[in-house]
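Before any comments, here is the structure.
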Protein chains: 2
Amino acid sequence: MPDEWLPQPATEDIRLVRVLHALGDPVRLQLLSVYLKGQEFACDLGGLGLDHLHKSTVSHHMKVLREAGVTSTRVSGRNRFVQLRRADLDKRFPGLLDALLRGLEGEAS
Amino acid sequence: MPDEWLPQPATEDIRLVRVLHALGDPVRLQLLSVYLKGQEFACDLGGLGLDHLHKSTVSHHMKVLREAGVTSTRVSGRNRFVQLRRADLDKRFPGLLDALLRGLEGEAS
DNA sequence: GTGATGGGTGGATAATTGTCAAACAGTTGT
DNA sequence: ACAACTGTTTGACAATTATCCACCCATCAC
């Protein structure tokens, strides 16, 4: 069976208010800071510095990010791989991700 | 009596997650889109295209924006004047406001 | 097939939050 | 002093949401 992708909004359907709402949460902003560091990441509900949270809670936050159009998820076997929708977000909101990356680095949270 | 300013966080205390959370709401993002258009605005709890909301509701949203560090409010008599903390936000999160402005224009919401 | 593993689903619950309404406080004008 | 005006505060209420828990579903290893 070939890989599949979880449902996500089309590029033109990504709403700024939804993106900001999704990122206006400490856990999800920390997830973003991880995803900004590289290309693709294993879902890893137990790691990523979120070991204090239940795995279903982390799963919920990842779903929020995906449904807001921030991330996309590829399903391969029993593993999922998450990546930022960098090209889509840069096209829709130019400069936003770059500013967030610099802001996160500056805070060193 | 000289003008006074309502309490607001110091520039270095502005937190990205708090800013994003403040802007992740339709009403407050619309307020931002207004404030991005000029220098200073009368508080105007009845106008700004928010006539469908109670004045205390609008007051609440403005308080959230101010406490997040997005706006600052000058009190002059019985009127208040609101403005974006552009310099502070540009220093803290370079490029963020510009990206948001472009994003809002692109959506034409 | 059996069992272990990675992750999601649904319910329950507590906390947060958006909204309104009514009462309040300071300011201006008469 | 009194009334009108502007915005805030407080309480109430409904909606949203963050979290946990117990269970489920699919996949991989044996």
Side-chain angles (χ1 to χ4, degrees), chain A residues 1-8 15 17-32 34-35 40-68 70-83, chain B residues 1-8 15 17-32 34-35 40-68 70-83:
Chain A
M1 193 124 62
D3 289 0
E4 291 176 4
W5 278 262
L6 296 184
Q8 64 180 39
R15 287 269 174 286
V17 65
R18 221 153 146 57
V19 171
L20 295 176
H21 179 262
L23 299 179
D25 173 275
V27 174
R28 294 193 291 260
L29 192 58
Q30 180 172 351
L31 283 173
L32 178 78
V34 171
Y35 298 149
E40 196 179 48
F41 291 84
C43 189
D44 198 9
L45 293 187
L48 301 176
L50 299 172
D51 40 323
H52 56 108
L53 290 176
H54 199 274
K55 58 177 182 172
S56 63
T57 302
V58 181
S59 174
H60 159 69
H61 284 300
M62 289 181 171
K63 185 179 184 180
V64 172
L65 286 175
R66 180 170 46 82
E67 292 181 335
V70 176
T71 58
S72 75
T73 301
R74 179 171 58 89
V75 181
S76 176
R78 65 180 163 183
N79 296 320
R80 284 110 206 270
F81 298 94
V82 182
Q83 60 181 20
Chain B
M1 192 129 62
D3 289 1
E4 290 176 5
W5 277 263
L6 296 185
Q8 63 180 40
R15 288 270 173 283
V17 64
R18 221 154 145 58
V19 171
L20 295 176
H21 179 262
L23 298 180
D25 173 273
V27 175
R28 295 193 292 260
L29 192 58
Q30 181 173 350
L31 283 175
L32 179 78
V34 171
Y35 297 148
E40 197 178 46
F41 290 85
C43 190
D44 198 11
L45 292 187
L48 299 175
L50 298 172
D51 41 321
H52 55 108
L53 290 176
H54 199 275
K55 58 177 182 171
S56 62
T57 302
V58 180
S59 174
H60 158 70
H61 285 300
M62 288 181 172
K63 185 179 184 180
V64 171
L65 286 175
R66 181 170 45 84
E67 292 181 335
V70 177
T71 59
S72 75
T73 300
R74 178 171 59 90
V75 180
S76 176
R78 67 182 164 185
N79 295 317
R80 284 106 207 274
F81 296 93
V82 181
Q83 61 181 20

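Chain letters run A, B, ... following the sequence lines, proteins first and then strands; every chain starts at 1.
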So do the side chains of D25(A) and L20(B) get within less than 4.5 Å of each other, counting heavy atoms only?
no

Nearest-Å distance, CG (L65(B)) to P (dG18(C))?
11 Å

Contacts of type salt bridge (Lys or Arg N to Asp or Glu O under 4.0 Å), residue E67(B), not counting sequence neighbours
none

What is the separation between atom NE2 on H60(B) and atom P on dA12(D), rounded to the nearest whole Å?
18 Å

Rounded to whole angstroms, how far apart are CZ on F41(B) and C1' on dG7(D)?
19 Å

Would a 4.5 Å heavy-atom cut-off, applied to side chains only, mark R28(B) and L32(B) as touching?
no

Please give, in whole Å, the distance from dT16(C) P to H21(A) NE2?
15 Å

Below the 4.0 Å mark, does dA18(D) have OP1 or OP2 next to a side-chain nitrogen or oxygen of T57(A)?
no

Using nucleotides 10-15 of chain C, report all nitrogen or oxygen pairs with the protein that are shorter than 3.5 Å.
none

Distance check needed: dT19(C) P versus K63(B) NZ, whole Å only.
16 Å

Selection from dC20(D), dA18(D), dG18(C) that lies nearest to any side-chain heavy atom of D25(B)
dG18(C)

dG8(C) phosphate, OP1 or OP2: any side-chain N/O from R80(A) under 4.0 angstrom?
yes

Is the count of non-hydrogen atoms from other residues, nucleotides or ligands lying under 6.0 Å from R74(A) atom CZ greater than 12?
yes

Return the set of residues passing side-chain hydrogen bond (donor to acceptor under 3.5 Å, both in side chains) with S56(A) (not counting sequence neighbours), or none when no residue passes.
H54(A)

Upstream residue (5' side of DNA chain D) when V27(A) and C43(B) are each assigned their closest nucleotide:
C43(B)

If you assign S59(B) and S76(A) each to the DNA chain D nucleotide with the nearest heavy atom, which residue ends up on the more 5' nucleotide?
S59(B)

Find which nucleotide of DNA chain C each of V64(B) and A42(A) is nearest to by heavy atoms, and output the residue with the more 5' nucleotide.
A42(A)

What integer distance in Å separates N79(A):CG from dA26(D):P?
16 Å

By the 4.0 Å heavy-atom rule, please label H61(B) as base, sugar-phosphate, or nothing.
sugar-phosphate

Rounded interatomic separation in angstrom, taking CD from E67(B) and C1' from dT9(D):
13 Å

Can a side chain N or O of R28(A) be found less than 4.0 Å away from OP1 or OP2 on dA18(D)?
yes

Protein-nucleotide distance (L31(B), atom CG; dG7(D), atom C1'), rounded to Å
15 Å

Exam field: side chain R80(A) to backbone T73(A), donor-acceptor pair closer than 3.5 Å:
no

Please examine the side chains of L45(A) and M62(A), heavy atoms only from C-beta on, and report whether any two atoms are closer than 4.5 Å.
yes

